[in-house]
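We name chains A, B, ... by the order of the sequence lines, and we start the count at 1 in each one.
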Amino acid sequence: MTSKRDQQTVYQTVKRIPPGCVATYGQVADLSNAPGRARWVGYLLRQSPPEEKLPWHRVVNAKGRISFPEGSEKHTMQRRLLEEEGVVFTQGVIDLKQFQWIFSLPDWLFGPPPE
DNA sequence: GGGCTGACCTACT
DNA sequence: CAGTAGGCCAGCC
């Protein structure tokens with residue numbers, strides 16, 4: 001299903017990713033109570049209006065790689081934004097072991113307000 | 001309704 | 001570890 005509420009849930013999840021961390025598309029889909037819809041998450045981020053102010057750059061694919069072709073405008077921008085937050089790229093790949101966001105209830109409850 | 005596309009994922013070579 | 005194949009699901013002709 002594709003209700004507006006589902007979209008908002010995904011947006012909220014992305015907003016909950018703390019700076020200096022990354023999450024995978026599948027992970028976002030999972031946390032948004034939408035398992036198996038990783039591609040749909042990607043679609044939403046592509047469609048997301050700037051006024052939502054989503055930290056879309058903190059979302060990468062399961063291999064820890066940016067999902068844009070290397071050398072493209074978007075790729076370069078995303079990488080720069082992440083590096084500014086302290087995320088380190090080694091051979092163009094993020095070490096998910098080190099930087100992947102681990103969901104925790106305290107973060108969810110006491111983290112920065114999503115709206 | 002049918003067929004193609006994609007900011008994906010997993011498993012298997 | 002790199003490359004491939006198949007599966008997946010929502011959107012858009």
**Message:** Working to the nearest 0.5 angstrom, can you tell me the gap between A:Thr24 OG1 and A:Ile94 CD1?
**Reply:** 11.0 Å
**Asked** Between atom CZ in A:Arg65 and atom P in C:dC1, what is the gap in whole Å?
**Response** 14 Å
**Rounded distance in Å - CG (A:Leu96) to P (B:dC8)** = 14 Å
**Prompt:** Is A:Arg39 near enough to B:dG6 that one of its side-chain N or O atoms lies under 4.0 angstrom from OP1 or OP2?
**Reply:** no
**Message:** In whole Å, measure the gap between the C1' atoms of B:dG1 and C:dC12 for me.
**Reply:** 14 Å
**Request:** For nucleotides C:dG6 and B:dA7, find the distance between their P atoms and express it as a whole number of Å.
**Result:** 22 Å
**Asked** Between B:dC8 atom P and A:Leu31 atom CG, what is the distance in whole Å?
**Response** 18 Å
**Message:** Please pick, from B:dT10, C:dA10, B:dA7, the nucleotide with the shortest atom-to-atom distance to any side-chain atom of A:Trp40.
**Reply:** C:dA10
**Prompt:** Looking at A:Thr24, does any N or O in its side chain come under 4.0 Å of the phosphate oxygens OP1/OP2 on B:dC8?
**Reply:** no
**Request:** Starting at atom CD of A:Gln47, determine the distance to atom P of B:dT5, rounded to an integer number of angstrom.
**Result:** 18 Å
**Message:** For a salt bridge (charged side-chain N to carboxylate O under 4.0 Å, His left out) check, start with the C-alpha distance between A:Glu70 and A:Arg79, then their side-chain angles and the critical distance, and finish with the verdict.
**Reply:** CA-CA 10 Å; A:Glu70 193 154 353; A:Arg79 169 162 181 164; 5.2 Å; no
**Message:** Distance check needed: B:dG6 C1' versus A:Ile66 CD1, whole Å only.
**Reply:** 18 Å
**Asked** Shared ILVMFWY cluster between A:Val93 and A:Tyr25, side chains joined below 4.5 angstrom?
**Response** no
**Request:** Mind checking A:Tyr43 for me? I need base, sugar-phosphate or nothing, with any heavy atom below 4.0 Å counting as a touch.
**Result:** sugar-phosphate
**Check: A:Asp6/A:Thr9 side-chain N/O donor and acceptor closer than 3.5 Å** = no
**Request:** Using whole Å, report how far NZ of A:Lys63 lies from P of B:dC8.
**Result:** 8 Å
**Message:** Using whole Å, what does the distance between atom P of nucleotide B:dG6 and atom CZ of A:Phe68 come to?
**Reply:** 13 Å
**Request:** Flag yes if A:Trp101 and A:Phe110 sit in one hydrophobic cluster, no otherwise; membership is Ile, Leu, Val, Met, Phe, Trp, Tyr, and two members link when side-chain heavy atoms are under 4.5 Å apart.
**Result:** yes
**Message:** With a 4.0 Å limit, can you tell me whether A:Arg46 has a side-chain N or O closer than that to the phosphate oxygens OP1/OP2 of B:dA7?
**Reply:** yes
**Complete:** From CG of A:Asp30 across to C1' of B:dT10 the rounded distance in Å is 14 Å
